[in-house]
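Data block below; observations after.
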Amino acid sequence: MSLSRFLDLADLAPEEIRDLLALAERLQQHPEPQALAGKILGLIFLNPSLRTLASMQAGMARLGGSSFVITPGQGTWALETRSGVAMDGDAAEHIREGLPVLASYCDALGIRAFAAGRDLAMDVADTSFKAMAELIQKPLINLESAINHPCQSLADWKTLDDLRIAPRTKFVLSWVPHPRALPLAVPAATAHMAALRGHDVVVLRPDGFALPSPVMDRVHAAAKLSGGSVTETDDRVAALKGAHIVYAKEWGSTRHYGDADGDGALRRHLSDWQLNEQSFANATPNCKLMHCLPVRRNVAVAEALLDSPRSVVLHEAHNRLVVQMAVLYRLLK
Ligand code: CP
């Protein structure tokens, strides 16, 4: 199997996902340090990163290739992403020139471009990322767009495999507090991944934080395909009862999308949604805590829980490197 783009797990058939995970395992057991010799990966980060940036560069290097990183506006020209605007502000260059130029220097590109966080429908449709993708004819990797984070989801799938977590077990995606609204990309991608893997997915979120209908429609469709199930609730006790996995994630109010004051007024009263060991009282004894990182200690998740054997967050983060090497291999070999 070869890949031309890695933008969304939903673009892959289940057997293609399993093929990528098998390749990741093979490359872990039997490294191929020259597999991508001479190949160049361009990485464009319109937003900050620790894991994605470092693991992409490390993965490319471990396969014998090389990479360059562009963080527009930080040592390079700021890039304008909007269409039809007079460029009389900070941005000296438009993505319509900048992206094709960068693509011409490398064999594959990765782009991180978070949600603008103003227009829910535009962000849910991934309008901005799709417009960028259309400008590039080379292999392309979504490093987190407004509504998707397929590299994270593939790593999380592998982590569940490593932990031998069976399908049809209870996977709770639990909203947790953060000082401000965060994008929907990880919760949307995680719910979809868990449903596609066949879990009984529970989306646990306070009133005002329901995931948008198009996101939930995709999750339901994935569950139908895999034989899993999906429910939504704001009942923390019922949701966590019998859980095998609790995946903590922060996100913004969808009722007050783009309205920091409205969002803030809701989240001000939700600090007790922080997860701690007590939250797992009625979960299965071996229930694990997942989080994509970065995580705010003692805001989203209690420090003692993050430092306990329940937490597999470092395992997840390491698997970013492992699965992305398989993606790079399939795109470039
Ligand atoms: N989980 C994740 O994507 O981490 P970074 O934002 O640090 O890349």
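For ligands, and for the atoms within them, numbers begin at 1 and follow the listed sequence. These numbers were taken from a predicted model, which means no experiment stands behind them.
- Residue L293 touches ligand 1 through its backbone alone, judged by heavy-atom distances below 4.0 Å.
- The protein heavy-atom contact nearest to atom 2 (C) of ligand 1 is R320 NH1, 3.4 Å.
- F129 pairs by the ring pair (Phe, Tyr, Trp, His ring centres under 6.0 Å) definition with nothing, not counting sequence neighbours.
- G59 approaches M325 most closely through the heavy-atom pair CA-CG, 3.6 Å.
- The backbone N or O of V202 lies less than 3.5 Å from no partner atom in the side chain of K170, so there is not a single donor-acceptor pair.
- A salt bridge between R168 and D200 is present, with a side-chain N of the basic residue lying under 4.0 Å from a carboxylate O of the acidic one.
- Less than 4.0 angstrom separates some heavy atom of C292 from each of these atoms of ligand 1: 1 (N).
- Look at R297 and D307 and you find a salt bridge, because one of the NZ, NE, NH1 or NH2 atoms lies within 4.0 Å of a carboxylate O, short of that distance.
- Ion pairing of R96 with E80 is absent here, as no side-chain N (NZ or NE/NH1/NH2) approaches a carboxylate O to less than 4.0 Å.
- Close approach of ligand 1 to L50 (heavy-atom distance below 4.0 Å) involves ligand atoms 5 (P), 7 (O), 8 (O).
- Atoms of ligand 1 found under 4.0 Å from any heavy atom of R112, numbered from 1 in the order shown, are 3 (O), 5 (P), 6 (O), 8 (O).
- Closest to atom 3 (O) of ligand 1, if we only count protein heavy atoms, is H149 NE2, 2.8 Å.
- Among protein heavy atoms, the minimum distance from atom 4 (O) of ligand 1 is reached at R51 NE, 2.9 Å.
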